[in-house]
Amino acid sequence: MTRLAPTMPYIVILLICGFLYYQAELIAPAGEGRLGADFWPKAILIAAMVTCAWEAVRKARIGARREARATPLSLDAVEEGKPQGEQKVPEYVPWVGIALTVAYALAMPWLGYFLASILFVAAFVYAGNFRRPLVAACVAIAASTAFMFLFMRVVYVSLPIGVEPFAWISTSLMRLMGVK
Amino acid sequence: METLINHLAVGFTHVFHAYNLLMLTIGLLIGMAVSIMPGLGLVMGIVLTLPFTYTMEIEPSIILLTAIYIAGTYGGCFTAILYKIPGEPSDVPLLWDGYNMNLKGQAAKALGWALVAALIGGLVSSTIMVSLAGPFAKFALTFDSPDYFAIIVLGLATVVCLATTSLAHAFVSLFFGLILATVGIDTTYGAERFTFGGSLLSGGINYVTVLVGAYGLGEVFTRFGHTLKVEADSDAPGRVQTQFPSWREIWELRHTISRSTVLGTILGVVPGAGAVITSFVAYGIEKQYCKRSDELGSGIPEGIVAPQIASTASVAGHMVPLLALGIPGSAATAVILGAFLLHGVQPGPQIFVANPETAYAILASLFVGVVGMCLIGYFWIRLVVKVLRIPQPIIIAIVVLFCIVGTYAERASFADVGMVIAFGIVGYLFERFGFPVAPMVLGAILGPLAETSFMRSMIRYESDWTVFFSRPISCTFLVLAIVAFLFPVISRMRQQRSVALAAGR
């Protein structure tokens, strides 16, 4: 089972490609002797499936450990390398960031851009290992206000104002900034 | 030649318009700042600035993004030399000699060498490439759809082969990007593909969401919770000053300078070989041919000059094929291509015919950008280096705001915001499992161009596959693509063989 673990990502991708290939079969075909709209995606999917199958078999045969030993250092090892002086974080931590970002996007239509951004920045900064709540709150207010000004007053982009009673805060701030 | 100088002169007058010059300066400052911050990088800088260009004219927006690109190849040298922190992966070779010169008490001299190298590399490479741009575009006008298809295949091949440790991972990433590009209504037949009966995907997947998600949010999620510690005892900020080498010292390094400039320019033209590859290759070449190769790595100017010249020289090398052929050779130029397309302009040989003022203004901005970057580097770097003191969680929270609001700004659509978060998660998972992001992004951008050229060739030549090999231009590019595919496979097999031989011994 441990031996098969490194093959799992490829098997998952292989299954997804298989499903998409089935979907590609539903694309309206072209006339006799001509390549239709389904040809290009099918060709890509076949190439992807062959690559995944090849890699899955290879991983299963060699085993991840041996491969890691045999893989020579290349430019990408440095390219993917992290800056010095960084500490490792537990695996769940990035998912906290993802969850906060999803919550931010979901809250924005209700709370409006300004309030949602303040809450998001404060929570994101705090959860991101910055343990100075007052500074985090000040940064959140400053960043949200600055972004609102930048986008609504300089770039003329309309941002969500939210629903009442939150919309009142957004519109008041907009009035203060001179946004009509 | 006279026409070129005339066009370039007009280009310079466009660049020196107050608004364009302002955008260029802002771009240089952004480029400096993002390249100093580890984890941000010049590509993310360009991606995050992209939404601000929606309401701009084409000229200032491309000048802004190009300035970020140029400055992004230089700004990181400060943190590499002073703090041993490579702001960009292309700055890693600068650590070896730059930081060692700093330890010897020659930080100002090391910074001076980096500045001179960036200036020479940028100006010489821009001169070479700008003079080649016209003939390049004229030659490209003779291209037919099979030739374009072959060039795109070569571009994708080199991106896949140069940018990764695992060829299979790079291929999977590329295929994922190409599949993303097929979602929506097919442009040749008008058939719906992978829309799953809904309206959300019928307009296709906006590549800006792929770019912002995979590069911006993906990197943010990867870095979330990390804290970067700059050496507390470092008195480097006090040493942030630049001491120029003398003319004699520069003359003594003439061989290194010429080797690295030529190498950077040539490698810049090769699709996929970005600033990272060029700076490493230039350092490697110095290691072989430099007179003091034994001392390389101990803190000598050659180790700073070679990678810095090559990475800055690669910018012009990348920009000219983008303008003349419409094909981006790096992630940064892929985003710039995206900016062109957002403004309804398809870069390619026609741009030199239909809109030479814009084309040459962008080329002229390369020269002005290089000089401006060095001036900022010399005078204002103390300020720019201070961005390092901003805590990482604050920076990445602001990056998320940029990504989310920037995406929303394009079409005022929450569906786009959802999409960008989804691609952020994909970008994080790619990073987590060692799949490179660049092939996916280039696949998503170049996919439609590749498919259109392919289908056009098939329709025009009645599904005759041999057309790709019977035309000299397309055949040459396809052979080069095959070589690009085979090169890493063969070199890996050779390395594995030598490892096995060494183990047997």
Side-chain angles (χ1 to χ4, degrees), chain A residues 9 13 20 23-24 27-28 30 33-38 40-41 44-45 47-48 51-52 54-55 70-72 74-81 83-87 89 93-94 96-98 101-102 104-105 108-109 113 117 120-121 124-125 128-130 139 143 147 151 155-159, chain B residues 38-39 52 55 84-86 89 92 163-165 168 171-172 175 178-179 182 186 188-189 191 193-194 217 220-222 224-231 276-277 280 391 393-394 396-398 400-401 404-405 408-409 412 414 417-418 421 424-425 428 433 436 451 454-455 458 463 495-496 499:
Chain A
I13 298 170
L20 289 176
Q23 288 293 321
I27 298 168
R34 281 163 58 199
L35 299 178
D38 59 333
W40 183 256
I44 296 164
L45 288 167
T51 311
C52 286
W54 169 275
E55 196 62 9
T71 303
S74 80
L75 288 179
D76 227 37
V78 183
E79 191 175 338
E80 306 288 344
Q84 304 188 12
E86 275 194 352
Q87 294 168 328
V89 296
V93 171
V96 174
I98 292 170
T101 311
V102 172
Y104 173 50
M108 215 194 289
Y113 164 78
S117 296
F120 167 74
V121 174
F124 198 83
V125 166
N129 223 356
F130 184 75
V139 166
F147 267 71
F151 276 92
V155 195
Y156 299 112
V157 169
S158 168
L159 295 175
Chain B
F52 291 97
T55 51
K84 207 183 177 186
I85 297 170
V92 172
T164 188
T165 46
F171 271 117
V172 169
F175 295 141
L178 289 172
I179 277 294
T182 65
D186 156 55
T188 311
Y189 295 101
R193 297 190 297 198
F194 305 121
L217 286 185
V220 162
F221 297 148
T222 306
F224 186 73
H226 287 91
T227 46
L228 180 72
K229 283 180 183 164
V230 178
E231 284 173 40
V276 183
I277 308 279
F280 274 90
I394 293 177
I396 61 170
I398 289 170
V400 177
L401 289 193
I404 301 287
V405 184
Y408 178 84
F414 277 108
V417 173
I421 294 175
I425 297 170
Y428 164 68
F433 291 104
E451 185 184 3
F454 177 79
M455 293 306 281
M458 288 293 98
S463 301
Q495 276 170 326
Q496 278 173 350
V499 167

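A note on names: the letters A, B, ... follow the listed sequences, proteins ahead of strands, and every chain is numbered from 1.
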Residue pair [X] / [Y]: nearest heavy atoms and the distance that separates them:
{"X": "B:Ala191", "Y": "A:Ala37", "value": "CB-CB, 3.8 Å"}
{"X": "B:Pro391", "Y": "A:Phe130", "value": "CG-CE1, 3.4 Å"}
{"X": "B:Val405", "Y": "A:Tyr113", "value": "CG2-CE1, 3.3 Å"}
{"X": "B:Ile398", "Y": "A:Ala143", "value": "CG1-CB, 4.4 Å"}
{"X": "A:Leu35", "Y": "B:Met455", "value": "O-CE, 3.5 Å"}
{"X": "B:Ala168", "Y": "A:Thr51", "value": "O-CG2, 3.8 Å"}

> So which of A:Val139, A:Val121, A:Val102, A:Thr101 has the largest heavy-atom pair count under 4.5 angstrom toward chain B?
Replying inline: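 The option with the most such pairs is A:Thr101.
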> Of the listed residues (A:Cys52, A:Ala47, A:Pro9), which shares the most heavy-atom pairs with chain B below a 4.5 Å separation?
Replying inline: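 Of the options given, most contacts go to A:Ala47.
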> What do the steps show when you test A:Ile13 against B:Phe175 for side chain to side chain contact (heavy atoms under 4.5 Å, CB included), and what is the final call?
Replying inline: CA-CA 11 Å; A:Ile13 298 170; B:Phe175 295 141; over 6 Å; no
> Contact part of B:Ile404 toward chain A, heavy-atom cut-off under 4.5 Å: side chain, backbone, both or neither?
Replying inline: side chain
> What part of B:Tyr428 lies closer than 4.5 angstrom to a heavy atom of chain A: side chain, backbone, both or neither?
Replying inline: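 The side chain, not the backbone.
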Are any non-hydrogen side-chain atoms of [X] and [Y] less than 4.5 angstrom apart?
{"X": "B:Ile179", "Y": "A:Pro41", "result": "yes"}
{"X": "B:Ile421", "Y": "A:Tyr104", "result": "no"}
{"X": "B:Val172", "Y": "A:Glu55", "result": "no"}
{"X": "B:Tyr189", "Y": "A:Asp38", "result": "no"}

>> Is A:Phe147 close to chain B through its backbone or its side chain, or both, or neither, when contacts mean heavy atoms under 4.5 Å?
In response: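 Contact with chain B involves the side chain of A:Phe147 alone.
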> How many angstroms lie between OG1 in B:Thr182 and CD1 in A:Ile27, if you round to the nearest 0.5 Å?
Replying inline: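 CD1 of A:Ile27 is found 7.0 Å from OG1 of B:Thr182.
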